[in-house]
Amino acid sequence: MTQRSVLVVVFDDVQSLDVTGPVEVFTGAGRHSGDPYEIRTASLDGAPVRTSSGLTLVPDGALPDAGAPHTLLVPGGNGTRRPAPGLIDWLREHARHAERVVSVCSGALLLAGAGLLDGRRATTHWSLCGHLAETYPDVEVDPDPIFVRDGNVATSAGVTAGIDLALALVEEDHGRDTALTVARHLVVFLRRPGNQAQFSAQLAAQTARREPLRELQQWITEHPDADLSVERLAERAGFSPRHFARAFRSETGTTPGRYVERVRLEHARRLLEDTADGVGRISRACGYGTPEAMRRAFVKALGTAPAEYRRRFHPDPRFHPDPPVRIP
């Protein structure tokens with residue numbers, strides 16, 4: 001067995017769950033596999049730090065004294081907005097020596113500040129994706145997934161997405177059985193794939209300013225099986241198709257077609273998770289028309305087919321591909 005080391009960077013105003021969530025995953029994986037991770041926390045000067053929730057964390061040591069880890073984990077939190085210059089300098093000089101570099105939530109801002117995301121695809125909390133893209137134009141920001149891996153660098157969305165990413169890393173290190181065991185032990189029932197969307201279609205889009213467009217947004221979410229072509233939506237909102245398309249994008253930040261895609265996908269995911277309805281019935285209820293059209297939409301957006309999605313996320317054990325595993 002080769003012990004893997006995990007170094008967690010901590011700083012004042014860090015988000016505590018960004019630290020403790022992944023640490024619990026790595027600790028549980030070591031307990032189950034018999035091959036524990038060597039987990040250490042370090043602040044810039046080795047002094048205790050106060051998290052954004054008021055908890056005090058006492059690190060194991062100082063960053064300058066830490067050796068090159070197998071996995072370097074950089075959490076997020078309010079402290080990433082105005083980080084100590086020494087922290088960025090340390091990341092710029094030392095992060096490249098780690099075999100894997102991982103950020104949670106706004107920790108991506110620290111990686112970007114150190115130049116570690118230049119030329120890479122990355123994500124962060126949905127509310128910060130625009131800021132990340134604007135501040136660091138050399139970073140290819142993808143606002144949709146809950147985590148993104150580009151080479152040996154992985155970035156994740158807000159808070160609990162760090163747990164999903166840690167589980168994916170555990171699966172890489174120790175196999176699927178260990179990752180599923182840890183997920184069940186932590187009662188993380190829905191272990192999400194990285195390309196699952198961060199948020200719902202309604203949260204992804206801004207709320208339109210004009211009442212007809214706001215009402216239309218709500219109507220779309222309530223009628224995913226309707227004719228949601230631009231022509232029909234424009235007619236319902238009282239606009240010409242061209243004016244409607246421009247106004248919708250201007251006020252919501254997305255196109256009508258993209259909004260409809262997200263609404264239908266979100267509705268289909270809910271039905272697959274919460275009901276026993278067949279894929280054919282769900283495809284009609286969500287406006288896809290045929291199972292094949294729905295399958296193509298799922299593969300394009302989530303990288304998985306509807307049947308596999310249901311096996312992963314339906315609470316009925318009959319849909320699960322793996323038998324329950326208990327931690328001794």
Side-chain angles (χ1 to χ4, degrees), residues 1-11 14-43 49 51 53 55 57-63 65-77 91 94-95 97-108 110-111 116 123-124 145-194 322 325-328:
M1 296 182 182
T2 302
Q3 189 174 46
R4 297 174 176 86
S5 60
V6 178
L7 177 63
V8 184
V9 177
V10 295
F11 44 84
V14 69
Q15 163 65 250
S16 57
L17 191 55
D18 288 2
V19 176
T20 58
V23 165
E24 289 291 346
V25 171
F26 289 124
T27 300
R31 186 182 302 119
H32 173 72
S33 67
D35 184 11
Y37 292 86
E38 179 190 352
I39 303 172
R40 292 180 58 80
T41 56
S43 63
V49 300
T51 71
S53 60
L55 298 175
L57 300 180
V58 181
D60 295 308
L63 285 173
D65 300 327
H70 177 271
T71 300
L72 176 66
L73 192 148
V74 181
L91 288 171
H94 295 278
H97 301 302
E99 292 190 37
R100 290 191 304 218
V101 179
V102 177
S103 70
V104 182
C105 196
S106 60
L110 300 180
L111 297 189
L116 299 168
T123 194
T124 185
I146 59 172
F147 64 82
V148 168
R149 300 188 67 179
D150 189 330
N152 71 329
V153 178
T155 52
S156 62
V159 196
T160 57
I163 294 175
D164 296 291
L165 176 52
L167 285 167
L169 298 177
V170 164
E171 182 171 348
E172 177 181 290
D173 294 341
H174 296 291
R176 181 175 174 82
D177 177 70
T178 295
L180 287 174
T181 298
V182 174
R184 289 169 179 146
H185 181 64
L186 295 177
V187 201
V188 184
F189 186 79
L190 303 181
R191 192 173 68 85
R192 301 174 291 177
D322 304 292
V325 181
R326 295 184 180 275
I327 294 182

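Note that the coordinates shown come from a computational prediction; the quantities given were computed from them, not determined experimentally.
What you find for Cys105 and Gly158 is that their closest heavy atoms are SG-CA, 3.7 Å. What you find for Thr41 and Pro59 is that their closest heavy atoms are OG1-CA, 3.2 Å. Scanning all heavy atoms of the two residues, the minimum distance from Phe147 to Ala168 falls at CZ-CB, 3.7 Å. The shortest non-hydrogen separation linking Ala95 to Leu116 is CB-CD1, 3.5 Å. When all heavy atoms of Ala68 and Ser5 are compared, the closest pair comes out as O-OG, 4.5 Å. The minimum heavy-atom distance linking Phe11 with Gly76 is given by the pair CZ-O, 3.9 Å.
Taking CG of Leu167 as the reference point, atom OG1 of Thr178 lies at 11.0 Å (rounded to 0.5 Å). The distance from atom CG of Asp150 to atom OG1 of Thr123, rounded to the nearest 0.5 Å, is 12.5 Å. Note that the CG atom of Leu72 and the CZ atom of Arg100 stand 11.5 Å from one another [nearest 0.5 Å]. Remark: Asp18 CG to Ile163 CD1 distance equals 9.5 Å, nearest 0.5 Å. With rounding to the nearest 0.5 Å, the separation of CG in Asp173 from OH in Tyr37 is 3.5 Å.
With hydrogens and angles ignored, the 3.5 Å screen pairs no side-chain donor or acceptor of Thr51 with any backbone N or O of Gln15. Ser106 places a side-chain N or O within donor-acceptor distance of the main-chain N or O of Gly77, the cut-off being under 3.5 Å. Side-chain atoms of Ser156 come within 3.5 Å of backbone N or O of Ser103 as a donor-acceptor pair.
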Report task. Begin from the C-alpha positions of Val102 and Leu165 and carry the test side chain to side chain contact (heavy atoms under 4.5 Å, CB included) through to its verdict. Result -> CA-CA 9 Å; Val102 177; Leu165 176 52; 3.4 Å; yes
Kindly determine whether His32 and Asp177 satisfy side chain to side chain contact (heavy atoms under 4.5 Å, CB included), including the steps that lead there. CA-CA 10 Å; His32 173 72; Asp177 177 70; 3.2 Å; yes
*Verdict with reasoning, His174 to Thr181, per side chain to side chain contact (heavy atoms under 4.5 Å, CB included)*: CA-CA 11 Å; His174 296 291; Thr181 298; over 6 Å; no
Residue pair Arg149, Leu169: steps toward the side chain to side chain contact (heavy atoms under 4.5 Å, CB included) verdict: CA-CA 10 Å; Arg149 300 188 67 179; Leu169 298 177; 3.7 Å; yes
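A side chain to side chain contact (heavy atoms under 4.5 Å, CB included) with Leu7 is found for one member of Val74, Leu63, Asp60, Leu73 and no other, namely Leu63.
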